[in-house]
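A short write-up of the structure that comes next.
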Amino acid sequence: MSGMPSSIQAVRVDLYAPVASFRDPMFPGVSRCLPVPPPSTVRGMLAAATGRASEAITLGLAASAEGRGVDAETYHPIAADGSNPAIAGRVAAGKGGVTIRDRPFLVGVRLTIWIPAPDGERIAQALRRPVWGLRLGRSQDLVHIVSVREVILQPTERARVGHALAPVGGHEAPLASTLRLAEAISSDRGRTEYRSYQWCSESAGEHAVVGAYRDEDQAVWLSSPASSDERDAQLSQVLAKSASGSGLGRPELLTEHSLAVRDATRTIARRIDSPGVLAFYPNFWSWAETAALLHDAGKVAEGFQRQLRPGGESWGERHEVLSLAYVDLLTRHMDPQERKMIAAGVAFHHRPLTSHRRGDLRSMYPPVAAWERKFGRDPAPVLGRPRVQIPAARHRAWLAWLAHQLAIPVPANDRRLWELARDAFARLSAEWINPVSEEDGLVAVLLQGAVTLADHSGSAHVPLQTHMPLPRDFLSRLPTPYPHQRQAADIAEHLILVAPTGSGKTEAGLAWASRQLDDMPGQPRLAWLLPYRASIDAARDRFIKHLDSAPGQERPDIGVLHATAARTLLARAIADECTPGPADARRARARAGAMRLFSQRVRVATPHQLLRAAIAGTRYSSVLLEQVNALMVLDELHAYDPATFGRICACMQLWQRLGSRVAVLSATLAQPMINLIHDTLGSVEVRRAPVGTAPARHRLTLDEDPIDSEASLERIRSWLDEGQSVLVIAKSLLTKGFGVGARVRRVSGCGHRWAVDPWTGAGSR
């Protein structure tokens, strides 16, 4: 419940309408009735009670109907000139035309509204003596007030869903359907804001809920319009991305993109939760949400807007540095540590503060930079450049919109934005250029990763998958599990499993991972790490065959993280957005590709990408975040060189701090390596497969007789006759190898392979 107030005073209003009809605007020309009143209809009814033009207030809704029917209604068409023409010759022209259509309606509509203070008390008084009649839709759809009372809304993670309107992802009640409803309509009826909601036609019982409050046992989700008419007018043409740079295939509004990234952060928070080091930072996800909302605030500048136009010239400035001015304004009520973290999440989501390469923020914006010309007013702009970067009316609308989203009053300010950006950047540089504590540094990188990952998801419009292909009862799928497989499935901590090839080592690792899902928070991911690309592809094919596909899918979606592809996609995805041109489309494709690296909950990879994440940096901060609350299975750990093995051990220690769990699987693991893993993780269970669990796959025979002797040839023939594969190593291919091959072929029809060793002659099978 990070970022939500501990409790909210509100007014609960219960209403009843004998008959009501809510036309669905998504079906023009068709009389289709919505099953619930849209929030815009409810706000219109409240505006009638208060006598105002509109009521853009925060509210929660729950609605249901006892039944439904269809009525035949007479319509009188009106022509553009105001006449009432005849229709299809049914009525004489002099008497005016009519047409009859079916009109569906609801019977016994019950509606509950929750309105937080201070608007709640004002609305309650107006409902007792309304200025205009209360109607729920059409003029004849009269509404009766059943009760009005004060309540306390408490944040909750579990409640009765009932018939409440919830945002998509607010709960997982199986009966829920998705409705597209009007949230608010502008006074001139020229603009309508739509949102998607979940709603249950049958009363849903108690479920886990996200972002909800509780009134007694009833879940309540609060919503408010995104903007007022004045803000709409100023921000309706302010873009975050051009058509080529947007995952939507059209220009994307800055307000639209900011909300998409903030909502993506909430999805990531449900996936990662707060394990390990994050458990000591209860406001971490609140910081991430605020940083996500403000991360592109500087794109409001005219220089950035002009470069998004066809043929636009590059602005040449960093929008995230200007965003710090809005961070400063909108976080002044927070603790300095919170402001520091949020500012870091905003400033570093594209470029680092310092770097040995060109283009780091500190070298671009020294204290002596021309801050006013860059972000404020340019007294002598070159042709095509704006004189003022942010017009006053646009700034007021943007600041009010951001404050509304953060549910805080619009902050007062008597300083120029470029001054705020300059001072905020200087303060941020001083805070992070000097050594910081190890924990603060780690949390800051994870916050940066949350903003970067949310930006990728919100920009590409690729959601994170919630389905886990690995079932929680994986062991039960094995007909006769081996003892070491049963032992692995019983361990709820780190594991070292030593089992020979062919003994079901992979199944044991999956059984261990399946067990961890029962007591880990959030939505853990499974990363299966292998040393070779060929083994990665084989493992992916194996998982596709044996794990579960999501509902409606033909096969499970298993991710593959190859080093070269990942490095390229991540580099392009975080590339400079302040440089317009053909690269926009490439960046958009890279974001979609990068999101596919993170979308799946089961991935097969080499550990090298994860090792890069430990070095951090803008490119890999999101990779590091995805190692929080994860299951790391290191298969064939003995195959790595000593230096890589040491780095992997260091990563294991980091994974433990991040609340992840580790399993090491190997056919052979020397005791010194086991000791190192023990020293790294502290507590780890070691299990070994019983001797004889798997048959011997290879046998080495050193033959004292010459390879071309009759005794040696007879042994080779007997192995081939048994159907075994035989590798014969001779020290001379020409003098012995070919001769032996010919003599074996004359006696045995079995296939064979040959290799040359210049030092010795031996047979092996």
Side-chain angles (χ1 to χ4, degrees), residues 7-23 33-52 54-55 57-69 104-154 156 159-166 179 181-183 197-206 209 212-224:
S7 63
I8 292 179
Q9 290 185 332
V11 169
R12 171 176 172 166
V13 181
D14 292 297
L15 305 169
Y16 176 77
V19 177
S21 180
F22 313 109
R23 186 172 179 179
C33 182
L34 290 167
V36 295
S40 61
T41 299
V42 176
R43 289 193 171 90
M45 181 196 68
L46 297 179
T50 61
R52 296 187 176 188
S54 63
E55 284 290 352
I57 61 172
T58 299
L59 52 78
L61 295 176
S64 63
E66 298 172 1
R68 61 179 59 223
F105 61 90
L106 303 177
V107 178
V109 178
R110 298 189 180 276
L111 174 66
T112 302
I113 311 171
W114 289 269
I115 308 170
D119 291 315
E121 184 177 352
R122 176 177 61 84
I123 297 292
Q125 292 177 352
L127 288 172
R128 295 184 180 99
R129 298 188 66 180
V131 174
W132 305 103
L134 301 182
R135 297 176 176 85
L136 204 58
R138 300 175 302 174
S139 59
Q140 65 264 43
D141 297 341
L142 300 178
V143 175
H144 303 273
I145 298 176
V146 177
S147 65
V148 179
R149 60 191 179 93
E150 295 183 355
V151 296
I152 301 295
L153 301 180
Q154 301 284 356
T156 185
R160 180 174 59 85
V161 172
H163 297 287
L165 281 183
L179 303 175
L181 302 176
E183 186 72 28
Y197 286 94
Q198 292 177 229
W199 178 75
C200 299
S201 58
E202 300 294 332
S203 181
E206 187 174 291
V209 294
Y213 295 87
R214 186 184 69 251
D215 176 13
E216 296 178 348
D217 65 339
Q218 170 70 50
V220 179
W221 285 269
L222 300 176
S223 65
S224 57

Might you point out which heavy atoms bring Arg160 and Ala204 nearest each other, and give the distance in Å? CG-O, 3.5 Å
Donor-acceptor pair, distance only, cut-off 3.5 Å: does the side chain of Trp199 make one with the backbone of His163? yes
Residue pair Phe105 / Cys33: nearest heavy atoms and the distance that separates them: CA-SG, 4.4 Å
Beyond-backbone contact of Leu134 with Leu127, side-chain heavy atoms, under 4.5 angstrom: yes
How long is the span from the CG atom in Leu179 to the CZ atom in Phe22, to the nearest 0.5 Å? 12.5 Å
Would you say Glu150's side chain and Ala10's backbone share a donor-acceptor pair under 3.5 angstrom? no
Does the side chain of His144 reach to within under 4.5 Å of the side chain of Pro18, using non-hydrogen atoms? yes
Taking the side chain as everything from C-beta on, heavy atoms only, tell me whether Leu15 gets closer than 4.5 Å to Ile145. yes
Can you tell me how far CD1 of Ile123 sits from CG of Leu59, rounded to the nearest 0.5 angstrom? 9.0 Å
With Arg122 via side-chain contact (heavy atoms from CB on, under 4.5 Å) - residues at least two apart: Thr50, Arg52, Glu55, Ile57, Asp119
Got a sec: does the CD of Glu206 have more than 12 other heavy atoms crowding it under 6.0 Å? yes
Determine whether Gln198 and Trp221 make a side-chain contact, defined as any pair of heavy atoms from C-beta on separated by less than 4.5 Å. no
CG of Leu61 to CD1 of Ile113, rounded to nearest 0.5 Å, is 6.0 Å
Heavy atoms from other residues, nucleotides or ligands near CZ of Arg129 exceed 12 (cutoff 6.0 Å): no
Restricting to side-chain contact (heavy atoms from CB on, under 4.5 Å), what partner residues turn up for Glu121, sequence neighbours left out? Gln125
For residues Gln218 and Ala164, report the shortest heavy-atom separation together with the two atoms involved. NE2-CB, 3.6 Å
Arg110: partners by side chain to side chain donor-acceptor pair (under 3.5 Å), with sequence neighbours left out: Glu66
So how far is it from Leu222 CG to Ile8 CD1, rounded to the nearest 0.5 Å? 5.5 Å
Do Val220 and Arg12 come close enough that some side-chain heavy atom pair is under 4.5 Å? no
Over all atoms of both residues, closest heavy-atom pair of Ala182 and Pro38: O-CB, 3.7 Å
Ala20 and Val109: which non-hydrogen atoms are nearest, and at how many Å? CB-CG2, 4.0 Å
Donor-acceptor contact below 3.5 Å, side chain Ser21 vs main chain Pro104: yes
Quick check: do Asp215 and Thr112 have side-chain heavy atoms less than 4.5 Å from each other? no
Quick one: closest heavy-atom pair of Ala126 and Ala49, and the distance? CB-O, 3.6 Å
Can you tell me how far OH of Tyr213 sits from OG1 of Thr156, rounded to the nearest 0.5 angstrom? 11.5 Å
Report the distance from atom CZ of Arg43 to atom CD of Glu183, rounding to the nearest 0.5 Å. 4.5 Å
